[in-house]
Each structure stands twice: as structure tokens, then as C-alpha cells.
Amino acid sequence: MNRRTLLAVGAAGMVSTVAACTSSSPSSPAASSSLTFDKNAFTEKTTTVTTVAGDKEVVYRLYSKVAYVAKPVDVACQSLSVAVPVKIDGKEVDATNAPILFEIPVGGYMPAETPEDPFVQAGGMPGGGMPGGGMPGGAGMPSGAPDGGGPPGGNTGNGGALPTGMGSTGQNTHEAIAAGWVVVTVGARGRTNKAADGTFYGKAPAVIVDLKAAVRYIRSNKGVFPGDTDKIISDGTSAGGAVSTLLGASGDSDLYSKYLTEAGAADASDAIFGVAAYCPITDLENADTAYEFLYGSLPANGQSVDATVSAELSGAFAAYQDGLAVKGLDGKTLTAGGYRNYLLTQYLQPAATTYLAGLSSAERSEYLAANGFIKWSGGKATFTFADFLTHLGSRKKTVPAFDAFDLSAGENNLFGTATVDNRHFTGFSAAKASADLDADIPDLLKLMNPMHFLLERNEARAKNWFIRLGTSDTDTSLTVSSNVAAAASTLGDTVDSIMYWDAGHGANNDPEAFVAWGNKITGHA
Ligand code: DHB
């Protein structure tokens with residue numbers, strides 16, 4: 001299948017969310033909420049969902065915007081909506097023991113407002129983004145242009161209203177409910193949330209604290225909450241993919257205890273069963289070096305980047321990578337020296353092979369004629385890493401890609417405080433500003449980095465991982481996703497990790513594979 005996914009990408013180049021949550025003024029005062037799920041508080045709805053296997057009519061019970069903490073500071077964000085299928089194409093289903101899709105509509109580390117009904121977009125349109133994708137694949141694609149790339153925008157920039165567009169959100173919720181899963185869509189605070197007194201209340205680690213609180217809420221209502229509360233599978237794209245990964249990696253870590261208590265979270269386990277992550281923008285404190293290691297030679301916005309800064313950052317990657325001491329999916333230690341070849345043989349060539357194999361022979365000939373660097377022989381695509389970079393042609397972000405010298409990146413904004421909007425979070429960029437990192441930053445970085453928990457072999461982590469990334473996605477280095485996959489695989493977890501050839505940021509080209517994977521790991525029929 002060479003279906004492609006067209007995603008709306010915001011002006012800041014980030015995958016945007018179901019609905020941008022209020023960036024100022026909490027929508028509710030800190031009223032106290034019950035942590036008991038009321039299973040009778042639903043309305044029955046009918047919708048048509050679009051799946052890869054065709055449209056399905058689903059009758060479902062909808063629980064709307066249920067607060068998941070006892071002391072919400074912003075219930076528009078700190079709440080979840082639940083859809084429980086009762087009839088699919090006229091056939092009754094019982095979701096009592098079904099997997100729970102824990103859908104995270106976070107994009108850009110921005111606030112994510114909980115949708116009233118995940119299957120109806122604000123404005124009354126059926127929800128679900130663009131299942132099936134609108135953009136034809138194949139030879140018509142300009143070679144090397146990321147298909148979800150949005151405007152060249154330098155660094156991620158701050159704030160800004162984000163248009164609708166859902167990453168994995170729409171497609172996977174549709175596939176999941178059509179497969180009889182319970183779909184829970186979970187809002188969370190984000191980096192631009194601002195209270196009436198001018199203080200920020202959604203800076204790191206608020207997003208992960210909220211997601212953990214939501215898991216605890218579900219778990220503490222075991223037996224009443226629909227679905228199997230021990231089979232929670234998180235899912236998100238980009239920043240949402242990052243926090244999906246973090247949620248799975250950090251299960252039951254006590255590093256978050258004080259924040260969870262402060263938020264009024266239920267006292268229960270926050271460990272989850274599986275993680276789906278699409279282009280996770282994570283491992284943020286190492287993302288600048290990883291980015292230059294891979295894309296240092298490429299221009300951004302038509303201009304070459306500062307070669308000195310790029311080389312300084314790139315030079316620091318080897319020590320980081322080799323220090324991880326993780327094994328790749330091929331079972332061999334994944335070093336910086338071997339990384340390009342690893343990407344090539346483990347991900348890029350197989351992605352191109354799958355893509356080309358899915359074309360008609362006329363389309364394939366056309367694509368190969370336009371992309372002479374690819375050798376197609378015996379049903380396999382081969383090429384060099386240097387040619388792959390030439391094919392990419394450019395990178396999305398300037399240098400440094402994440403901890404911007406001028407504090408203009410979304411990640412600077414994420415690591416702000418209640419009273420400081422943007423901060424440095426790497427020693428490298430702080431030093432360029434002749435400053436020291438703030439003393440709280442090292443601990444904060446741990447709270448936001450799934451690699452930390454994977455490397456310390458957190459026993460309560462999710463043990464099942466589904467990771468997807470477009471080969472043209474230069475929102476972060478390709479090594480970021482593949483390191484998550486490698487770290488989980490090194491621990492013996494099940495890992496299903498592939499890339500999509502020529503696909504850009506936020507692509508989800510096989511939502512049916514996600515649900516098949518979830519059914520397999522949970523034993524759901
Ligand atoms: C997202 C994209 C980015 O480039 C980034 O740095 C952070 C988040 C996003 O689409 O969510």
C-alpha cells in the first residue's frame with residue numbers, strides 16, 4: 001500500500017493538536033473533583049469511522065471531559081474523554097476486557113484540551129483527522145521534500161496558534177474503536193498555559209505529571225472503568241510521541257511523586273502495557289548533538305548552518321552514543337561509528353524497499369528514473385548514506401536545533417518556570433550565553449527523558465513498543481527514535497520499529513498495523 005498521510009503542520013512546524021488548549025487563563029477554578037468514575041454518566045452516540053478496511057458504523061458510549069485529578073488547575077486540559085464501543089456495523093461488542101487506547105493529543109509540547117467527543121471535531125465535523133491520507137504517493141512526490149514538512153521555519157519557535165491536524169490521533173482512534181477497543185483521549189497542560197496572575201502552569205514536567213495522573217485515575221477505577229485497565233496502550237505523535245514514550249518508560253517511578261500528590265492524582269500504579277510513538281521528539285538534552293551528527297552537512301532554509309557550531313555539537317555525539325551501550329535491533333552494539341550504516345541497513349533501505357515494492361511497475365520505473373541513486377535489484381533497494389542525505393537536500397532546523405542560543409525554540413519554552421518563560425537546558429547553549437544552567441535543570445531533564453528510565457532498566461516500564469518515523473522527517477535526528485527502539489530492545493522488550501520512506505513529520509502510513517500489533521501483544525481477538 002502506498003497510501004500517504006497528509007498532515008496539517010502548524011506555522012511553527014509542529015504537529016498540532018485536536019484543539020489548541022487555552023494558552024491563558026485556566027478554564028476552571030481549582031474546584032475539587034471526585035476520583036471515582038461514574039459508569040452511568042454516558043451518552044450514546046453513533047459515528048462512522050474511516051479505517052483502512054473501509055468505513056464502519058460504531059455505536060459507542062461517550063463519557064465526556066472527566067477530570068482525572070482531584071485538584072485540577074485547568075480541567076479543560078486535566079480531563080479525559082472515553083468512547084466505549086457497543087455496536088460495530090450492527091454487531092454488538094463487549095469491550096469489558098478490551099485494550100485501552102490512551103490517546104495523547106499533545107503537539108508541540110503545547111496545552112492539549114480534552115475533546116468533548118474524540119469522534120466529533122469542534123464545529124460538528126466528524127473527527128479523526130485524515131484517515132487514509134489524502135496525498136498520492138509515488139513518483140509524483142518531489143524527491144527529497146518531506147511530505148508533511150510545512151513551511152521552512154528555522155527553529156520550532158514559541159507558542160502561536162496551531163491549526164487542526166492530528167498526527168496519529170485520528171487514524172489510530174478510528175482503527176482502534178472499529179476493532180472494539182476502548183478509546184480514551186487525554187488532555188494535558190502544556191508550555192504556554194498561563195494563569196490570570198501571569199504565572200505559567202504547564203511548563204515541564206506538567207505534561208507527564210498529567211498523563212501519569214490520568215493513568216492512575218483509570219487504574220484506581222479498575223472494575224468500573226471500561227476495558228482492561230492492565231492493557232493500557234499510549235499513543236502520540238511528535239511531542240505526543242515523546243510523552244507517550246516517556247509515560248511508558250517511566251512507569252511507577254517515584255521521581256514524580258511530589259508532583260502527583262500536588263496535582264491530586266489517585267493513588268495507583270501509573271505503569272502501562274504498551275507504547276506507540278510516531279516521530280517522538282525526545283531525548284531533548286542530546287538532540288542538538290544528534291541533529292548535527294546526522295544533518296550537519298545540510299542547509300536549513302536555503303542557507304548553510306554555522307559550521308563551527310555544528311562541528312562542536314556533532315563532535316560531542318560519539319561520547320553520548322557510545323556511552324549508551326545499547327544494542328541495535330540487529331543485536332549489535334550501536335556505536336556512533338556504526339550508526340549511519342545501521343540506519344541504512346536497519347531502516348532506510350528496508351523503508352525504500354517497502355515503498356518501491358508497493359508501487360506499480362510503471363510508477364516504480366518512474367520513481368527510480370527520478371532517483372538514480374537507488375539501486376533496485378532482486379526486489380531490494382540499496383543506496384549509500386551520503387546519497388540519502390543528498391536526497392534529503394535540507395534540514396528543517398538551524399543550529400542548535402533545540403536549545404536555541406536566542407531561547408526561541410519551543411523546547412526553551414518547555415523548560416521555563418512559573419515565572420521565566422524560556423530557559424536554556426544544555427550546558428553548551430548556556431555557556432554560549434555565558435551563563436550556567438539553572439540548578440534545577442538536571443533533575444527536570446530526567447523527568448522528561450525516557451532514555452533515562454530505559455537506561456536504568458526501570459522494571460515497571462512498558463514492555464511493548466511500536467515506533468514509526470518518516471525518513472524525511474528532520475524535526476529531530478533519526479537517531480532519536482532508533483535509540484529508543486534500541487534501548488527497549490536491549491532490555492528484551494518487544495519492539496516493532498520501522499520508518500516510512502520519503503514521509504515527513506507526523507506521518508502514520510499503517511494505522512492498521514498499529515491495531516494488529518496491539519491485538520497481538522494484548523491477546524485481544
Ligand atoms: C514538535 C515538533 C518539533 O519540531 C519540536 O521540536 C517539538 C514538537 C511537534 O510537532 O509536536
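Atoms within each ligand, like the ligands themselves, are counted from 1 in listed order. Please read these numbers as outputs of a predicted model, since none were measured by experiment.
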- Message: Centroid separation under 6.0 Å, is that true for the rings of Tyr259 and Tyr256?
- Response: no
Provide the number and element of each atom of ligand 1 under 4.0 Å from a heavy atom of [X].
X      : result
Ala239 : 8 (C), 9 (C), 11 (O)
Glu411 : 5 (C), 6 (O), 7 (C)
Phe402 : 6 (O)

- Query: Do Tyr278 and Leu469 have side chains that get closer than 4.5 Å, going by heavy atoms?
  - Reply: no
Does ligand 1 have an atom under 4.0 Å from some heavy atom of [X]?
X      : answer
Gly107 : yes
Lys396 : no
Met110 : no

- Message: Under a 3.5 Å threshold, yes or no: a donor from one side chain and an acceptor from the other, between Gln321 and Asn286?
- Response: no
- From Glu512, Glu175, Gln171, residue fulfilling side chain to side chain contact (heavy atoms under 4.5 Å, CB included) relative to Thr51: Glu175
- Note on the structure: The reported gap from OH in Tyr201 to OG1 in Thr199 (rounded to nearest 0.5 angstrom) is 9.0 Å
- With sequence neighbours left out, what residues match Arg461 under salt bridge (charged side-chain N to carboxylate O under 4.0 Å, His left out)? Asp493
- Query: Is Gly240 in polar range of ligand 1, meaning some N or O pair under 3.5 Å apart?
  - Reply: no
- Looking only at N/O atoms, are Tyr109 and ligand 1 under 3.5 Å apart anywhere? no
- Task: Report the member of Asp475, Leu414, Ile281, Val106 with the shortest heavy-atom distance to atom 4 (O) of ligand 1.
- Result: Asp475
- Measure the acute angle between the ring planes of Phe293 and Tyr339, then classify it against the limits of 30° and 60° as parallel, tilted or perpendicular. perpendicular
